[in-house]
Structure formats: structure tokens, C-alpha cells
Amino acid sequence: MNEQRPDIIQHRYDKMDKLREDGIEPFAYSYNQTHHSADIIGNFESLSESEEKVSVAGRLLSIRGHGKSAFAHILDRKGKIQIYVKKNVVGDEQYELFQLFDIGDFIGIEGTVFKTRTGEITVNAESLTMLAKSLYPLPEKWHGLADKEIRYRQRYLDLIANQEVVELFRKRTEIYKAIREFLDSHGFVEVETPILQPIYGGGFARPFLTHFNALDMDVYLRIADELYLKRLIVGGMERVYEFCKDFRNEGLDRSHNPEFSMVELYCAYWDYKDMMDFYEKMMENIAQKVNGSYEVEHEKGKINLKGPYKRIPMLDAIAEKTGVDFAGTDYEKARELAKEAGVDVENKRNWGQVVEEVFGEKVQPDLIQPTFITDFPADISPLARPHREKPGYSERFEIYIAGEELGNAFSELNDPVVQRQKFEELQTLRQKGDDEAPPLDEDFLHALEYGMPPTAGLGFGLDRMVMLLTNSHSIRDVIFFPMMRPEVSGEDPEE
RNA sequence: GCGCCAUUAGCUCAGCUGGUAGAGCAACUGACUCUUAAUCAGUGGGUCGAAGGUUCGAGCCCUUCAUGGCGCACCA
């Protein structure tokens, strides 16, 4: 099976065999790594002064040989550092060993620190250790790895070849941390709720369905955790949040991955206006911690995340932009107005859906600076409270930044009787063929019957948050392993 | 689902009007003890995404398929 290996790979197998023949294990069990690249560079003065021995370990990235000496770079988790291997320092035997090293190998180097004639801080190797042989060549050093398919499928290569990718994902982690710190410092408690749910809800989406053998029952992968977090509010926890992987059985494009991340948070005794204030503070805080600035250079323009953000009711935003006023219209009239405005609302099944479609077509793309769109139609907000002053509307907002929805929040509906009616309306939608309307959740309604305090809830997509703060064009660039079609591997046993 | 584009050496890419495939890096051999895209001399490396078709002859033209990218549609 191996006769057909390309030479470039066979040579590495040969070197591995040679190492074993020489009694050297090509895959070491451990190594005492005392320093990282950046630590050595940061502490150069004292390390070179003291002539202290340092041990670095990492992946060999490049070799520049000069006969009886060589320079090389290794990559560890804090960056790159140069090493210098000189025959009369390491000895003949170790220099022979060095000849069996390839770019891509994990190696360890012990030695002292010095600065070369050209000023680069370098570890002068005194002993070399093979830590793990690399049997397959890395992408080329100069042009790097550009093929997006390989970058997504083999993210490890992307991380080796493209350091800015490492930075981006580090930033993703910083964002998670900033959110956690902010919520924790405001008395929120991080919780976990079921991913496998007997009834899905909390959003509009088609779910993934799977089967639980032990109880012989079908279960759904959650599309949201909303209904479980609200049960915790019923239980008196007052302030809860969850970093939540959700699953939606929908298409793939540059802003949708079937598996994605959200944060949902719920706060008892707040309403949606309190939540707007909170969102502004949170966003400012994240931007400062992660980017050190309120300004984001985005492909759609410079965005200023400093609050307060503009707040405007959805119908006003539409009227302002298009001159079309949906106030006081019914379903039929709204459809007429939408068609006049050139928006296709053929498959929209109620008044709110029509209005929302016009908003999405005509207004949303231009909401570049942070904008709260408030007072959504009640018939597309089944889990939100009816507006206290405006019948037919709900106490709900969505925040738009760079033309994308970056959060959805409302004063939570806590009247179990009204909530039941809302669920029943959803069932009517389902019967009309809306396969995204969620089913009625009797267990959740029962929880509300015990009493839920007035509460505001907020959910926002983490992937989109990361895209915004890193100016990423595609969600695949901010998810380590985005969903991909399986690679075809020769024979196909199916069929 | 629709449209456009891409798929050639391990990687990044050329390849004209159809005439049996090329560069840089990587690899291999040799020289070289402060280089850093090291340098110099030499060598090897390909099922041109897959399958059909047209042709005396296909990397190139045609058809179908696969995968990916971008855009549109869908999508809270």
C-alpha cells in the first residue's frame, strides 16, 4: 500500500527508520520545556547575561544550512524563535541527528541565548531532541496556505501557516472571557441546560431530529435554550446566562452554520428598556477589552460602538426609509403596500411577517452604526410581552450593527394564559405550512403557571459578534471546524 | 435551488489559437561555521478533480458528475 508514496514523503519515512536504527525514538514521550519563544525574547537581557540554559520546543519551520552550522526557526504557542546549531558546539553525533530533522518536525533545543550579528535573539543549541517526526510536508513557507477548502478542512494547517488565524481565534476566546466577566460581575450565574430536548422551542427554525435508544424516543437538538432558562427564572435564580451551542437545520452560507453559538441571558425585574441600557454597556465593555477601542474598522465602514445607540420603533424606521407607513394597516393592506414597495411577501403568513420582510429588505442593510429597532409586531413575537402602550406590538428589540442582527431581546411574556394563546396561534401557522413555527410546550406553560417574575431576556449570536469585532467576512472564518460536505474517498459502499 | 469562477508536483501558481506539462518554494546530491524568502552547482518529482464525448491528437473544446469559493435565493 505504501509503494506509491511520493518521494517527498518516502524520504521522511526513511529518516524515521534511520532514527530508530540509531536507537532514537522518533516520537518522544515528554520534554522539559522551560521557556517559550516570546519569554526568551522578552527576557533577553537577563537570560544572556546569566548564560542560563533554556529549553524550547516547537515545530521546525525553516532551516538555513551552512555546511557545519545551520540556522532554523521553530514555532511554539507564543510565536517563533531562531535557533543556531553549530557542529563544534553540539558535537558530531548530534549534528548527524540534526541532518535527520525535517521542516515540520517537533523538536526540543537546549542551549544559551545570544544575539546574532544581525540582531536576532537566538538559542545557541547545545543539545537537540527529536520530539515527533512529521511524515507529511507542511504548506510552503512563503506563499503559505491559501486554498480555503484545505484551510477549513485541515484547520491545523491553517493555524501553522497563517498566524493571523491564531490571533483571530485567540480574540474569539477573549470575547468569550469579556462576556463572562461582564455578566458575572453583574450577578449573573452561568448555567447549562439540555441540548437534547423532547420539544424544541425558543425560536423559529427547523430542528435536527435524533433518536434516544434507551427510552425509545425521538429528541431534538436545541434551536435555543430560552424556554429552559426561563424555567430557572421561575425557580427564583433571578439572573442566569448560558453559552449555548444551538443547531438549526437550515442552509449554509457566509453567515449561517448549522451549529452555532449564542449567549442567552435573563434578568428578573428588568424590562426590555433596561436590557437596551445593559446591552450598550456590555458591548462597550467587550470592545474595549478585546480591541482596546470603541471603533471597529469593518468592511462596511468605520463602526462606533460607544453608546448610547439610536433607538427607533420598527414601523418608524420603515417609514423613515421608504415613506411607507404600515401603522393601522391589516394583513391585506400591508401586503399591498409591500408589493408597491417592491418587496415579495407572497409566502408571508401574517401581518408581522409582512412588515418584518419589508424591514429586512429595505432598512436592515443600511443599519451600519449600532441601532436598536424596537416595538416589533406582536404576531411575530410569541414569547414577548404585549407592549404596555401600543396594542398589536410587543416590548421587543433587535440590535443591528453593520447590517447584521447582533441581538434579540424582550420583556418576557409571563402570563401563562396569554402565552398559551400565543402558542396556539403558532400551531395555526404550523397547520398553514410554516415548518419553522415551534410546537406547543405544555411543560413550559405549566412552569409559568407557578408564576414568573417580570423578566427581560436577551440572546445574541457569538459567531456574529466575533465576525463584527474581527472584521471577518464569513462565519467559516470564525469557527474552527465549519460544516463541510464529507470528502469523497475513492469507493462508495452505498448504493 | 440558480448563476459565475476554481480544481495542474507536497504548497503557491503559469500553461497562448488543441500538438503528449513548466516556474518558485519544498525534496534529493554536493559546496559552504552569523543566516533569515541564505547562497551556489546539479538531480528527481504529475492518473492535469472524476467519467464520457469530439478530434489524427485534449490540461485546453463539448457533456455529465464531485468538491470548494463568491454572488443570488432561502433563512429570526
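Side chains are part of it too, since the values below use all heavy atoms of this structure and drop only hydrogens, waters and symmetry mates. Here is the naming used below: chain letters follow the sequence lines, and residue numbers restart at 1 for every chain.
Between A:I24 and the choices A:L19, A:T129, A:L100, the side-chain contact (heavy atoms from CB on, under 4.5 Å) rule is met once, by A:L19. When the options A:Q10, A:H11, A:K18 are evaluated for a side chain to side chain donor-acceptor pair (under 3.5 Å) with A:D14, the one that passes is A:Q10.
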Going 5' to 3' along nucleotides 69-76 of chain B, which nucleotides have protein heavy atoms under 4.0 Å from the base (write B), which only from the sugar-phosphate (write S), and which from neither (write -)? SSS-BBBB
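Within 4.0 Å (heavy atoms only), A:K87 reaches no atom of the nucleic acid at all. As judged by a 4.0 angstrom heavy-atom cut-off over every strand, A:F114 is placed among the base-contacting residues. When heavy atoms are screened at a 4.0 angstrom cut-off, A:G65 is found touching base atoms of the nucleic acid. Nucleic acid contact class of A:D147 (heavy atoms, under 4.0 Å, all strands): sugar-phosphate only. Within the 4.0 angstrom heavy-atom criterion, only backbone atoms of the sugar-phosphate kind lie near A:H11; the bases stay farther away.
Pairing each heavy atom of A:I223 with each of A:G201, the nearest pair is CG1-O, 3.6 Å.
For A:S411 (side chain) and A:Y272 (main-chain N/O), a donor-acceptor pair under 3.5 Å exists by modelled atom type. With hydrogens and angles disregarded, a donor-acceptor distance shorter than 3.5 Å links the side chain of A:K422 to the backbone of A:A378. Checked by atom type and distance alone, the side chain of A:R12 pairs as donor or acceptor with a backbone atom of A:S134 at under 3.5 Å.
Figure legend: cation-pi geometry between A:R231 and A:Y228, with NZ or CZ positioned under 6.0 Å from the six-membered ring centre and within 45° of its axis.
Look at A:R485 and you won't find any side-chain N or O under 4.0 angstrom from OP1 or OP2 of B:A66. For A:R64 and B:A38, the shortest distance from a side-chain N or O to OP1 or OP2 is below 4.0 Å. Taking side-chain N and O atoms only, A:K15 has a distance below 4.0 Å to OP1 or OP2 of B:C28.
Counting to the nearest Å, the P atom of B:G10 and the CD atom of A:Q154 are 13 Å from each other. One can place CD1 of A:I9 at 13 Å from P of B:A9, the figure rounded to the nearest angstrom. Atom CD1 in A:I63 sits roughly 16 Å away from atom C1' in B:U33 (whole-Å rounding). Note: CD1 (A:I103) to C1' (B:A37) measures 12 Å, nearest angstrom. Distance CG (A:D102) to C1' (B:G10): 12 Å, rounded to an integer number of Å. Note: CD (A:Q10) to P (B:G44) measures 19 Å, nearest angstrom. When the P atom of B:G45 is taken as reference, atom CG of A:D7 falls 8 Å away, rounded to whole Å. In this entry the distance linking CG of A:L138 with P of B:A26 reads 13 Å, nearest Å.
Taking the C1' atoms as reference points, B:A51 lies 15 Å from B:A58, given to the whole Å. The gap from the C1' atom of B:G10 to that of B:G45 amounts to 10 Å, rounded to the nearest Å. Rounded to whole Å, the C1' atom of B:C34 lies 25 Å from the corresponding atom of B:U29. Only the C1' atoms considered, B:U47 is 25 Å distant from B:G24, to the nearest whole Å. With C1' as the reference atom, B:C48 and B:A9 are 10 Å apart, rounded to whole Å. The same atom, C1', is picked in B:G30 and in B:A23; the two are 23 Å apart, to the nearest Å. Taking the P atom of each, B:G44 and B:G22 are spaced 12 Å apart, rounded to whole Å. A distance of about 29 Å separates the C1' atoms of B:C56 and B:C65, rounded to the whole Å.
Distance CZ/A:F71 to CZ/A:R64: 7.5 Å, rounded to 0.5 Å. Rounding to the nearest 0.5 Å places NE2 of A:H298 at 5.0 Å from CD1 of A:I303. If you take OG1 on A:T122 and CD1 on A:I83, they are separated by 9.5 Å, rounding to the nearest 0.5 Å. Atoms CZ and CG, on A:R151 and A:L157 in that order, are 11.0 Å from each other to the nearest 0.5 Å.
Base-pairing analysis of RNA chain B finds the following stems of at least three consecutive Watson-Crick or G-U pairs, with both pairing distances under 3.5 Å: B:1-7 with B:66-72, B:10-13 with B:22-25, B:27-31 with B:39-43, B:49-53 with B:61-65.
At most 12 non-hydrogen atoms from other residues, nucleotides or ligands lie less than 6.0 angstrom from CD of A:E49.
Within 3.5 Å, no donor on the side chain of A:E120 pairs with an acceptor on the base of B:U35, nor the reverse.
Mapping A:F71 and A:R12 onto RNA chain B by nearest heavy atom places A:R12 closer to the 5' end of the strand. When each of A:S62 and A:P139 is assigned the nucleotide of RNA chain B bearing its nearest heavy atom, the one mapping closer to the 5' terminus is A:P139.
Which of B:G68, B:C11, B:G10 sits closest to the side chain of A:Y136 comes down to B:G10. For A:T122, whose side chain is taken as the heavy atoms from C-beta onward, the closest listed nucleotide among B:U33, B:C11, B:U35 is B:U35.
Look at B:U63: its glycosidic torsion is beyond 90° from 0, and that puts it in the anti range.
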